[in-house]
Amino acid sequence: MHTSDARTVPADPRSQERLSLSGLDYRVVDMTDPDAARAFARADARGFLDSEPRDENIALMREMMLERRNIGVFTADADADALPVATVSSWVTPMTVPGPAGAHLPLWAISAVTVAATHRRRGIARNLLEGELRAAADAGVPIAGLTATEATIYGRYGFGAAIPVARLQIDARRARGIALPDGDAATLEYLEPDALMAALEEVHERTRRTRVGDIPGWPLRWRRMAGLVPGDEKARAVRGVRAVDAGGGTRGVLAYTLDEVRDEFGADLLVRHLDAETPEALRALWAFAVNHDLIRTVHADLRPVDDPLPWLVADQRAVQTVVHDHGWLRILDVPAVLQSREYRAPLDVVLRVTDPLGLADGSWRLRIAADGTATAAATTEDPDVELGVDALSSLCLGGVSATTLRAAGRLAATARTAEQIENAFSLPTAPALSIWY
Ligand SMILES: CC(C)(COP(=O)(O)OP(=O)(O)OC[C@H]1O[C@@H](n2cnc3c(N)ncnc32)[C@H](O)[C@@H]1OP(=O)(O)O)[C@@H](O)C(=O)NCCC(=O)NCCS
């Protein structure tokens, strides 16, 4: 049984001991103490190169942090209200996996990883990350995840890029508009900010259950997407529309801003969040953005790599697509992760997984039955496949194929075995993660 509340999990003793040797105090921060919460929020903002948060923003961040486990690292001589020199937050949340709607795996989500610029490159982040992974494994959570500011940071801890997404840039004039098929019934309505926030949350809560790789959002995220964070002048530019079905139900929502292009009598449309639970709603919202008068370019990030947009416009060359890493996963319990999902083809292989932290290390026999269900267990048999825990983490939701990893030298197996793994692990729709965390 795993814990579903990271806040009940104590600070990792090994990281605590290692950092104490450098005169640093690694501990869970009590967010019920407003001064401690303020110091943590300020350190987090400083770490991410943001300006000093206002009191109203600290209050909102504290509400979010109260729901999470927050670790701070303090210098031994720090005053009671001193800022931590490093931070990390985590919580346990359901991540959708392939299978019937609602199939999920508990994910140890990691956020707010910062180390003060005065204390960088002396091993603090390593202790933060290893501490998170040991704490999650001890709590019985089978997999950890994060999104990264840089793609070079987390591979060393066993994370693999698992959920690629697409950044789309659409030349709206060249696209020559989107013509909706006859019979598309969705209509569009502008939303006031409060209603936009509610619609973003409502639609995401439904779509994330069917979108492999996605996780729930949280109130501060929807508030930010809807432009409701106090003191942010840019937030006042946020506008929203919803796609309404024939019965009046919200089936999709778009939050966006318009950025004037000087001397052109036009603007760029920046998608903040676009979510739709039906193809009709998605088409209607894309048509709204691309067909909008006076728009030069539409920008959208975190779209699924199989977004139908290029197939909606008249000129596909109007759409520039950059696929980039977004969701990073780190398997902690190999059998639990491999057994949690449904597969598309039968398979029987022995995987030799190497894990420098020892958590997922070992040989594992994965048997997938004709109905797509799997069993996985430790074995002493000779391996068919050898790979690192980072590569298995990249593979587990079908975000990359075993053939590609083999070609990159990240997985050792015969071409035939790699192909069989690919057939079993692939998905009809790409995994996707529509939020940063
Ligand atoms: C990224 C960050 C947390 C690293 O903290 P740090 O305490 O300096 O890192 P460590 O000293 O523990 O370094 C651990 C390892 O990561 C490497 N590393 C650290 N930062 C790196 C970076 N930005 N890119 C590539 N490698 C990095 C180190 O070289 C070291 O490698 P090694 O263990 O193989 O020798 C810190 O630079 C930071 O706070 N950056 C700004 C906020 C940020 O981007 N956070 C990440 C959010 S996803």
Side-chain angles (χ1 to χ4, degrees), residues 11-12 14-27 29 39-53 61 64-65 68-76 78 82-91 93 107-136 143-165 213 215 218 220-221 224 301-302 324-330 354-359 388-390 393-394 433-437:
D12 174 62
R14 208 152 355 140
S15 289
Q16 206 157 36
E17 191 190 321
R18 284 196 195 143
L19 286 168
S20 75
L21 297 175
S22 316
L24 295 168
D25 180 16
Y26 164 98
R27 62 168 192 264
V29 176
F40 192 96
R42 292 183 61 212
D44 177 78
R46 187 176 65 184
F48 282 106
L49 318 183
D50 290 339
S51 38
E52 274 296 315
M61 284 169 81
M64 177 185 76
M65 294 182 307
R68 299 181 179 182
R69 172 184 186 266
N70 307 282
I71 295 263
V73 177
F74 299 84
T75 53
L83 270 59
V85 295
T87 60
V88 60
S89 298
S90 45
W91 69 106
T93 193
L107 175 83
W108 185 273
I110 298 173
S111 188
V113 177
T114 73
V115 174
T118 47
H119 286 70
R120 68 196 283 278
R121 306 301 182 268
R122 56 177 87 167
I124 297 180
R126 177 170 283 282
N127 279 295
L128 290 182
L129 267 299
E130 291 185 2
E132 289 299 309
L133 298 177
R134 281 191 294 266
I143 192 163
L146 49 77
T147 57
T149 52
E150 294 176 83
T152 46
I153 303 175
Y154 296 105
R156 60 174 53 75
Y157 310 115
F159 286 85
I163 309 164
V165 292
I215 63 169
W218 51 92
L220 181 55
R221 178 181 162 84
R224 197 170 276 139
D301 199 356
L302 308 193
H324 64 94
D325 68 282
H326 179 49
W328 288 70
L329 295 176
R330 203 293 181 196
T354 48
D355 178 356
L357 286 186
L359 300 165
V389 63
D390 53 342
S393 302
S394 294
L433 173 63
S434 56
I435 56 185
W436 285 101
Y437 61 94

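Ligands are counted one by one from 1 in listed order, and the atoms in each one are counted from 1 as well.
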Asks: Which pair of heavy atoms, one from Phe48 and one from Thr149, lies closest together, and at what distance?
Replies: CE2-CG2, 3.8 Å

Asks: Could you find the nearest protein heavy atom to atom 39 (O) of ligand 1 and give me its residue, atom name and distance?
Replies: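 Going atom by atom, the protein heavy atom closest to atom 39 (O) of ligand 1 ends up being Val115 N, 2.8 Å.
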
Asks: Considering both backbone and side-chain atoms of Thr152, is one of its nitrogen or oxygen atoms within less than 3.5 Å of a nitrogen or oxygen in ligand 1?
Replies: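 Yes, at least one N or O pair falls under 3.5 Å.
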
Asks: Is atom 7 (O) of ligand 1 close to the protein, meaning a heavy atom under 4.0 Å from it?
Replies: yes

Asks: Considering only heavy atoms of Thr114, which atoms of ligand 1 have at least one such atom less than 4.0 Å away?
Replies: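 The atoms of ligand 1 under 4.0 Å from a heavy atom of Thr114 are 39 (O).
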
Asks: Tell me: protein heavy atom nearest atom 12 (O) of ligand 1, and distance?
Replies: Arg126 N, 2.9 Å

Asks: Would the number of heavy atoms belonging to other residues, nucleotides or ligands and lying under 6.0 Å from CZ of Arg14 be above 12?
Replies: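 Counting neighbours around CZ of Arg14, 12 or fewer heavy atoms of other residues, nucleotides or ligands fall under 6.0 Å, so no.
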
Asks: Verify side-chain hydrogen bond (donor to acceptor under 3.5 Å, both in side chains) between Ser89 and Ser111, making sure each step is shown before the conclusion.
Replies: CA-CA 5 Å; Ser89 298; Ser111 188; over 6 Å; no

Asks: Is the shortest heavy-atom distance from the side chain of Val73 to the side chain of Pro84 under 4.5 Å?
Replies: no

Asks: Got Val113 and Glu132 here, is their nearest side-chain heavy-atom distance under 4.5 Å?
Replies: no

Asks: To which of Ala43, Ser111, Gly123 does the heavy atom nearest atom 11 (O) of ligand 1 belong?
Replies: Gly123

Asks: Could you identify the single nearest non-hydrogen protein atom to atom 45 (N) of ligand 1 and state the distance to 0.1 Å?
Replies: Val113 O, 2.8 Å

Asks: In terms of relative ring orientation, are His326 and His324 parallel, tilted or perpendicular, with 30° and 60° separating the classes?
Replies: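 The rings of His326 and His324 stand perpendicular, inter-plane angle above 60°.
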
Asks: Is ligand 1 less than 4.0 angstrom away from at least one heavy atom of Thr147?
Replies: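 Yes; Thr147 lies near enough to ligand 1 that a heavy-atom distance drops under 4.0 Å.
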
Asks: State if Tyr157 counts as touching ligand 1 under the rule of any non-hydrogen atom under 4.0 Å.
Replies: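 Per 4.0 Å heavy-atom rule, Tyr157 contacts ligand 1.
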
Asks: Less than 3.5 Å between some nitrogen or oxygen of Ile153 and one of ligand 1, yes or no?
Replies: no

Asks: For Asp325 versus Ala161, what's the shortest heavy-atom pair and its separation?
Replies: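 What the structure gives for the nearest pair is CB-CB, 3.9 Å.
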
Asks: Looking only at distances, please establish whether an N/O atom of ligand 1 is found under 3.5 Å from an N/O atom of Gly47.
Replies: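 Between Gly47 and ligand 1 (N or O atoms, distance only) the closest approach is not under 3.5 Å.
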
Asks: Counting non-hydrogen protein atoms only, what is the nearest one to atom 44 (O) of ligand 1? Give residue, atom name and distance.
Replies: Thr149 OG1, 2.7 Å

Asks: Rounded to the nearest 0.5 Å, how far does CD1 of Ile124 lie from OG of Ser15?
Replies: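 Answer for the OG-CD1 pair, Ser15 versus Ile124, is 11.5 Å.
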
Asks: Please check: side-chain N/O of Tyr437 versus main-chain N/O of Leu146, any donor-acceptor pairing under 3.5 Å?
Replies: yes

Asks: Has the side chain of Arg156 got a donor or acceptor atom that lies under 3.5 Å from a matching backbone atom of Thr152?
Replies: yes

Asks: Students should be able to answer this: which protein heavy-atom is nearest to atom 23 (N) of ligand 1, and at what distance?
Replies: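 Answer for atom 23 (N) of ligand 1: Glu150 OE2, 2.9 Å.
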
Asks: Examine Ala125 against ligand 1 and note whether any of their N/O atoms are separated by less than 3.5 Å.
Replies: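 Yes, at least one N or O pair falls under 3.5 Å.
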
Asks: Could any protein non-hydrogen atom be found less than 4.0 Å from atom 34 (O) of ligand 1?
Replies: yes

Asks: Counting C-beta onward and ignoring hydrogens, is there a side-chain heavy-atom pair between Leu329 and Leu107 closer than 4.5 Å?
Replies: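 Answer yes - side chains close enough.
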
Asks: Relative to atom 36 (C) of ligand 1, which among Arg156, Arg120, Arg121 owns the nearest non-hydrogen atom?
Replies: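 The option holding the nearest heavy atom is Arg121.
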
Asks: Report, in ascending order of atom number, the atoms of ligand 1 lying under 4.0 Å from any heavy atom of Tyr154.
Replies: 46 (C), 47 (C), 48 (S)

